[in-house]
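Along the sequence shown, residues carry numbers from 1. Heavy atoms only: backbone and side chains are in, while hydrogens, waters and symmetry mates are out.
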Amino acid sequence: MGIRRREFIALVGGMAAAGPLGARAQNMPALTIGYLSSKDEKSEAGIIAGVRKGLAEMGLVEGRNLSIVYCWSAGDYRRLPELAADLVARKADVIVASGLPAALAAKAASSTIPIVFRLAIDPVAFGLAQSFDRPGGNLTGVTMLFDPLTPKKLQLLHELMPGVSIALLVNPNNPNAASHKEHAEMAALALGLRLSVLTAGTSDEIDRTFAMARQNGIGAFLIGDDPMFDVESRRLVAAAATHRIPTMYYVSDFVLIGGLFSYGPSFAEMAMQVGKYVGRILKGAKPTDLPIQQPTKFELVINAGTAKALGIIVPPTLLAGADQVIE
């Protein structure tokens, strides 16, 4: 018995679907994460590794049952709205937003796609959440809350370099700059320290700012967290070395490449939590039901070799309290 034309077309279509193209389609990851970063791929490598580890604990592996579309602004925050709009157009199932500028751009781009952010500042203060326990809306994530650590950082910096004038370096292009300035000024006043606030919004301005600080008698720098500073980490560390200004950073990555010392949370711990939250959302959880997470571990890391090169004797109390000393 012959087959009708419609049945023949259906049969051929079914055979094609079962062939190489069909098999490839069946093996394609069904879920898509949009990764929107205020930084670049190199400076975000450790964070990405942590996110992937968190995803793996939820049974999600990139290239197997999950695809990730990466969008990097490389410290140029003007690009973020367009990059966020592209992820929305791609119908990402979840958007991961790394850094405050990226989180604000993602929020502006979509009120429906779940967004998991990784921040260093109060998300409630910037309208990204209603509260830590019940974020509300389509955003949740982790925050390292660097501002409350400012008094501790200034105290450590004063212990290392007593009696010197300290400058806080911020990126004026980042909305967190005003908050950093306010917290640092209040902390300096309480500790009786001399503090000035300097800015660097581009990589070239980093060198000029350090040179100007040296000329004006600045004795130490405290670096405010910023994705552009992460991208330009080697330039920051080199400027501090060139102008011989003791500098404290907000994460140990700077110290590992020659920076003097840092105090801050474990980025790896927070990155893993981002991956776990993404996994939970992809498995059906709602962002509003996932409380915003905060770090539980903080690290003091000192580069003894850099201290020696700067002619600084690190007090024994600082060395004893360090989580890691790099010789």
Side-chain angles (χ1 to χ4, degrees), residues 38-39 47 75 77 97-105 107 117-133 135 139-160 166-201 209 220-231 233 236 247-255 259 261-267 269-271 273-274 291-301 323:
S38 305
K39 300 192 290 186
I47 304 300
Y77 305 147
S98 180
L100 177 61
L104 291 171
K107 182 179 185 293
F117 52 68
R118 188 191 67 82
L119 303 176
I121 202 162
D122 184 355
V124 178
F126 284 87
L128 295 170
Q130 295 175 9
S131 71
F132 276 69
D133 293 333
L139 291 89
T140 188
V142 300
T143 181
M144 288 153 278
L145 288 178
F146 280 127
D147 281 339
L149 299 179
T150 301
K152 175 71 171 180
K153 291 178 180 178
L154 285 174
Q155 183 180 358
L156 291 169
L157 194 51
H158 175 61
E159 187 176 347
L160 180 68
I166 299 172
L168 170 72
L169 182 67
V170 297
N171 180 355
N173 300 321
N174 193 325
N176 68 13
S179 178
H180 286 348
K181 178 177 181 291
E182 179 183 354
H183 280 78
E185 288 176 340
M186 288 192 300
L189 182 64
L191 293 168
L193 303 178
R194 291 173 292 161
L195 179 79
S196 57
V197 180
L198 301 178
T199 63
T209 300
F221 255 119
L222 173 63
I223 307 299
D225 78 276
D226 183 80
M228 191 272 286
F229 294 159
D230 291 313
V231 172
S233 59
L236 263 173
T247 301
M248 170 172 247
Y249 304 91
Y250 49 89
V251 66
S252 61
D253 292 13
F254 292 88
V255 185
F261 71 144
S262 66
Y263 181 74
S266 168
F267 271 23
E269 175 192 5
M270 306 311 289
Q273 185 60 50
V274 168
I292 296 168
Q293 297 291 312
Q294 298 181 64
T296 58
K297 180 182 179 182
F298 299 91
E299 304 170 327
L300 172 61
V301 181
D323 296 275

Heavy-atom pair of closest approach, residues K107 and G127: CE-O, 2.9 Å

Any donor-acceptor pair under 3.5 Å from D323 side chain to L300 backbone: yes

4.5 Å side-chain heavy-atom contact, F229 and N174: no

Residues that E185 engages under side chain to side chain contact (heavy atoms under 4.5 Å, CB included), provided they are two or more places apart: K181, L195, V197

Between CG on residue L168 and CD1 on residue I223, distance to nearest 0.5 Å: 8.0 Å

Counterpart residues, side chain to side chain contact (heavy atoms under 4.5 Å, CB included), relative to P172 (two or more places apart): T199

For Q294, all residues meeting side chain to side chain donor-acceptor pair (under 3.5 Å), sequence neighbours excluded: none

S98: side chain to side chain donor-acceptor pair (under 3.5 Å) partners, not counting sequence neighbours: E44, R118

Closest non-hydrogen atom pair, P135 against I292: CG-CG1, 4.0 Å

F132 side chain near P123 side chain, heavy-atom distance below 4.5 Å: yes

Test log, rule side chain to side chain contact (heavy atoms under 4.5 Å, CB included), inputs L128 and L119: CA-CA 11 Å; L128 295 170; L119 303 176; 3.6 Å; yes

Residues which pass side chain to side chain donor-acceptor pair (under 3.5 Å) with N173, listed by chain and number, not counting sequence neighbours: N171

D230 and D253, any side-chain heavy atoms less than 4.5 Å apart: no

Flag side-chain contact, heavy atom, 4.5 Å: P175 against L104: yes

Validation row: D122, P148 side chains within 4.5 angstrom (heavy atoms): no

Rounded distance [0.5 Å steps], CD in Q293 versus CD in Q273: 4.5 Å

Gap between atom NE2 of H158 and atom CG of L156 - 0.5 Å precision: 11.0 Å

Point-to-point distance, once rounded to the nearest 0.5 Å, from CG of L157 to OG1 of T150: 11.5 Å

Close side-chain approach of L100 to S38, heavy-atom, < 4.5 Å: no

Those residues that, when tested against Y77, pass side chain to side chain donor-acceptor pair (under 3.5 Å) (two or more places apart): D226

Taking every non-hydrogen atom, the tightest pair across P227 and K39: CB-CG, 3.3 Å

Residues in side chain to side chain contact (heavy atoms under 4.5 Å, CB included) contact with S252, at least two apart in sequence or another chain: S262, E299, V301

Which residues share a salt bridge (charged side-chain N to carboxylate O under 4.0 Å, His left out) with D225, sequence neighbours left out: none

Between CZ on residue R194 and CD1 on residue I166, distance to nearest 0.5 Å: 9.0 Å

Closest non-hydrogen atom pair, A271 against I47: CB-O, 3.4 Å

Qualifying residues under ring-ring contact (aromatic ring centres under 6.0 Å, His included), relative to F254, sequence neighbours excluded: Y249, Y250

With sequence neighbours excluded, residues passing side chain to side chain contact (heavy atoms under 4.5 Å, CB included) with S179: I121, D147, H183

Distance (rounded to the nearest 0.5 Å) between L169 CG and L236 CG: 6.5 Å

